[in-house]
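Heavy-atom basis, side chains included; hydrogens, waters and symmetry copies ignored.
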Amino acid sequence: HEAAARPARPVGELSVRDAGAAGATRRAVSLWRTQGVVVFPALLAPADVRALQSHARADGAEQEAPVDRTANIRSPANRTLRAIPAAHAAEALSALAARLDSFLGYALQSRRRLLLEIGLMRVLAGAADQGWHRDDGILDGRIASVQIALVDTAAEQGALEVLPASHTHTEKPDEGADGVAVAVPAGSVTVYTPNVVHRGRANALRETRLSLVLTVMGASGLVPNGIPLAVQPEDAGRWWLEGG
């Protein structure tokens, strides 16, 4: 007989709901170290999200030569990845840096974090599941991938899916593994180590998933091969997240 469907693991297991509350940094650092991923629901204010959405809808129209890295991502059909000028996201990134300063300092082992990459990811209707993977060649624990949800995102909308604690070992991921889909409201920020097993889920809905994707590194970290990729050339190595 058919096995009963397993209930989805809740994203709340990985969430820190009030980044400014007492003990929030301690919980976030614990999740980072043990699970390899931390979700901060609705961290950014609606005004910051709207500003980022406006640049996303421009779709590179304000850039003379937008850097398109779609061909470099896994399962690129109905997905796009384009670099955007860091200045377009400066206010939102300042808010992010201020609210997560303590956590990022502990997680990336530095009070200063270099912004290695900044781009806009779209997952359109019809995008297929990516295969489970770890990001290639990134072994330094002082590097983090960051995704900022620019729209309310359902699990079936091409959401990021992670296998918690998979950064602690090197076994090949099981394609049938039971992950956690990061279904979150707009303004939510997900921080994960590139060594955690993850994928983009299929988008079975009509609504596009839209997110700002960053790579940040502690000042003493080692830049891996292939990074930076999704960044405007004039922004490479220029921007730091520090305090506010």
Side-chain angles (χ1 to χ4, degrees), residues 43-45 47-74 76 79-101 103-105 107-124 135-151 160 186-187 189-194 200 208-244:
L43 182 74
L44 293 186
D48 289 322
V49 176
R50 287 193 296 270
L52 293 173
Q53 287 172 338
S54 68
H55 295 302
R57 293 191 181 103
D59 197 23
E62 299 175 17
Q63 304 172 36
E64 293 183 3
V67 176
D68 191 329
R69 296 303 189 190
T70 302
N72 299 85
I73 60 178
R74 293 169 174 83
R79 286 182 167 89
T80 65
L81 174 62
R82 296 188 175 96
I84 67 166
H88 287 187
E91 289 189 16
L93 292 181
S94 292
L96 176 79
R99 300 200 66 182
L100 296 185
D101 183 57
F103 162 69
L104 291 174
L108 303 185
Q109 304 170 43
S110 175
R111 302 300 295 179
R112 303 183 73 220
R113 281 77 59 176
L114 182 64
L115 180 65
L116 294 179
E117 297 186 300
I118 177 169
L120 285 166
M121 173 76 79
R122 282 181 174 81
V123 184
L124 286 74
D135 290 340
D136 297 333
I138 300 180
L139 303 176
D140 195 328
R142 295 164 293 188
I143 298 175
S145 297
V146 181
Q147 294 196 6
I148 302 174
L150 300 186
V151 295
L160 171 70
V189 177
T190 303
V191 185
Y192 63 98
T193 169
T208 295
R209 175 194 170 212
L210 185 65
S211 55
L212 185 72
V213 294
L214 317 170
T215 303
V216 296
M217 182 185 72
S220 59
L222 301 175
V223 180
N225 291 334
I227 300 291
L229 176 74
V231 66
Q232 291 290 107
E234 61 271 20
D235 286 332
R238 176 183 173 190
W239 298 87
W240 295 81
L241 302 181
E242 181 177 6

(request) For Arg142 and Ser220, indicate whether the former's side chain and the latter's backbone hold a donor-acceptor pair under 3.5 Å. (result) yes
(message) Evaluate Asp135 against Arg74 for side-chain contact (heavy atoms from CB on, under 4.5 Å), listing each step before the verdict.
(response) CA-CA 10 Å; Asp135 290 340; Arg74 293 169 174 83; 4.2 Å; yes
(message) Quick check on side chain to side chain contact (heavy atoms under 4.5 Å, CB included): which of Val216, Val146, Thr215 does Leu115 satisfy it with?
(response) Val216
(message) Could you check whether any side-chain heavy atom of Val151 comes within less than 4.5 Å of a side-chain heavy atom of Thr208, counting everything from C-beta outward?
(response) no
(request) Could you tell me which non-hydrogen atom of Ala236 sits nearest to which non-hydrogen atom of Pro228, and how far apart they are? (result) CB-CG, 4.3 Å
(request) Taking Ser145 for its side chain and Thr193 for its backbone only, find out whether a donor-acceptor pair lies under 3.5 Å. (result) no
(request) Might you point out which heavy atoms bring Ile118 and Ala89 nearest each other, and give the distance in Å? (result) CD1-CB, 3.9 Å
(message) Is the shortest side-chain heavy-atom distance between Phe103 and Val191 below 4.5 Å?
(response) yes
(message) If we ignore hydrogens and angles and just use 3.5 Å, is the side chain of Glu242 paired with the main-chain N or O of Arg112 as donor and acceptor?
(response) no
(request) Give the intermediate values and the outcome of side-chain contact (heavy atoms from CB on, under 4.5 Å) for residues Asp48 and Ile148. (result) CA-CA 11 Å; Asp48 289 322; Ile148 302 174; over 6 Å; no
(request) Mind listing the closest non-hydrogen atom pair of Ser211 and Ala149 along with its distance? (result) CB-CA, 4.4 Å
(request) Without swapping roles, check the side chain of Gln232 against the backbone of Ala86 for a donor-acceptor pair under 3.5 Å. (result) no
(request) Find the distance between OG1 (Thr80) and CG (Leu120) and round it off to the nearest 0.5 Å. (result) 8.0 Å
(request) Please tell me if the side chains of Arg113 and Asp101 come closer than 4.5 Å, counting only heavy atoms from C-beta onward. (result) yes
(request) Output yes when a side-chain donor or acceptor of Arg99 lies under 3.5 Å from a complementary backbone atom of Ala97, and no otherwise. (result) no
(request) Starting at CG of Leu81, measure out to CZ of Arg69 and round the result to the nearest 0.5 Å. (result) 9.0 Å
(message) If the test is side chain to side chain contact (heavy atoms under 4.5 Å, CB included), which one of Leu139, Ile227, Asp140, Ile143 qualifies with Pro194?
(response) Ile143
(request) Kindly give the heavy-atom pair with the smallest separation between Gly187 and Val49, and that separation in Å. (result) CA-CG2, 3.5 Å
(message) Does any part of the side chain of Val67, heavy atoms only, come nearer than 4.5 Å to the side chain of Val231, both counted from C-beta?
(response) no
(message) Main chain of Ala230, side chain of Glu117: is a donor-acceptor contact present, judged purely on distance under 3.5 Å?
(response) yes
(request) Could you tell me whether the side chain of Arg79 and the main chain of Ile73 form a donor-acceptor pair under 3.5 Å? (result) no
(request) Grab the two heavy atoms, one from Ala87 and one from Trp239, that are nearest each other, plus how far apart they are. (result) N-CZ2, 4.2 Å
(request) Can you measure from CG (Asn225) to CD1 (Ile138) and round to the nearest 0.5 angstrom? (result) 10.0 Å
(message) I need the Met121 CE to Leu160 CG distance, nearest 0.5 Å.
(response) 9.5 Å
(request) Would you mind reporting whether Leu241 and Leu93 have side-chain heavy atoms less than 4.5 Å apart? (result) yes
(message) With rounding to the nearest 0.5 angstrom, report the CD to CG distance, Gln53 to Leu150.
(response) 6.0 Å
(request) Output the distance between atom CZ (Arg122) and atom OG1 (Thr70), rounded to the nearest 0.5 Å. (result) 9.5 Å
(message) Any heavy-atom pair between the side chains of Leu43 and Leu100 that's under 4.5 Å?
(response) yes
